Participant: 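Handing you this structure, nothing more for now.
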Amino acid sequence: MDLRVIGCHGGETPRHRTIAFVIDDRLAIDAGALTSGMELKAQFRLEACLVSHAHLDHVRDLATIADNRQQNGCPPLVIAGTKVTIGILKKHFFNNLLWPDFSVIPSAAKPAISYQIIRPETPTLVAGYRVRAILVSHTIECCAFVVEGKNGALAYSGDTGPTERLWEVLNETKNLRGMLMEVSFPDEQQRLATVSGHHTPTTLAADLAKLKAPKDLPTLLYHIKPSFQARVERECARLKGVNLTVCAIGDQFLL
Ligand SMILES: [Zn+2]
Ligand SMILES: [Zn+2]
C-alpha cells in the first residue's frame, strides 16, 4: 500500500494542515486537507473517502472537493462512514444552507458525491478495499478503520482517547502493516485531552501496551496540535517499547 500524508495535524497554520491521508491515489481517509493539500488531478483520481467522524478538521474539504469534481464531470466521490456520521453530513453540512447538497448536483443521476453507510464491525467493500469500522472513544460518534488490500492491512485510529475494542480487533488482524495513531496534547494538558477525547503521550503508551507486540507495529503519529508540536514530539521520543514515527505533510510510506 502506498500511503500519502496530505494533512496530519489537529489544527491549522500555513505549516500545519488538518487530517487527510490517501491510499494508492484512490482511497482517502478523512478530508481535512483534500483540496488545500492536493492538486486538481489528484483530487479527481480519488474514488472514495472514509470519514471517521463529522468534526470539521476531518470533513471540511469535502465541500471544496465536491465543487471541484462536479465542475470537471468526475464520477461521484463515495463518502463512506457510519450511519450517524453520514446523517450529520446530510443534515448539517451538505444541507443547502451551509453548503449545497452535492448529492443531487449537477444531477441526481450523476451527482458529485454519493454516500455509503458502513456498519461498525461489518467488513464492507469501499473502492476495492475491505474496510472495517470500529467505534472508538471521542466526544461524538467516531470510528477507527482497518483497511485491507491485496498486500496487507492498515489501521487508522480516528480521534480517540483510551479505548478497548480497537486493540482487540488489531490483535486479531493478520497482515497488519502499520497504524496511523492519534496523539494530540502533551502530558501537562491531560485534563483537556480527557474532556476532548484525545491522547497524550502517556495515555498513548498505555493504549499501545494493549497490543500483543507494539514494537512490531510501525505506528505513525498524527493529530498533534500545532501549539504543542515540539513538546508532544519530545515526550513521544521518550516512550519505550514502541515503534513510533511522527507524520509530516508530504510523507509517503510503502506498507
Ligand atoms: Zn474530533
Ligand atoms: Zn480531529
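Each ligand, and each atom within it, is numbered from 1 in the order the structure gives. None of these values were measured; they are calculated from a predicted model.
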Participant: Measuring centre to centre across the rings, with the benzene-like ring taken for any Trp, is His138 within less than 6.0 Å of His58?
Facilitator: no

Participant: Is the Tyr222 ring parallel, tilted or perpendicular to the Phe21 ring (thresholds 30°, 60°)?
Facilitator: perpendicular

Participant: So His55 and His53, would you call those rings parallel, tilted or perpendicular, with 30° and 60° as cut-offs?
Facilitator: perpendicular

Participant: As a test of reading the structure, name the N/O/S atom of His53 that is nearest the Zn ion (ligand 1).
Facilitator: NE2

Participant: Rounded to 10 degrees, what angle sits at the Zn ion (ligand 2) between His58 NE2 and Asp159 OD2?
Facilitator: 90°

Participant: If you stand at the Zn ion (ligand 2) and look out to OD2 of Asp57 and NE2 of His223, what angle do those two lines make, to 10°?
Facilitator: 90°

Participant: Do any of the N, O or S atoms of His198 sit under 2.8 Å from the Zn ion (ligand 1)?
Facilitator: no

Participant: Is Met179 linked to Val242 within one hydrophobic cluster, defined over Ile, Leu, Val, Met, Phe, Trp and Tyr using a side-chain heavy-atom separation of less than 4.5 Å?
Facilitator: yes

Participant: At the Zn ion (ligand 1), what is the angle formed between atom ND1 of His55 and atom NE2 of His138, rounded to the nearest 10°?
Facilitator: 90°

Participant: Regarding Glu12 and Arg60, does a basic nitrogen lie under 4.0 Å from an acidic carboxylate oxygen?
Facilitator: yes

Participant: May I ask you to check whether Cys142 brings an N, O or S atom to under 2.8 Å from the Zn ion (ligand 1)?
Facilitator: no

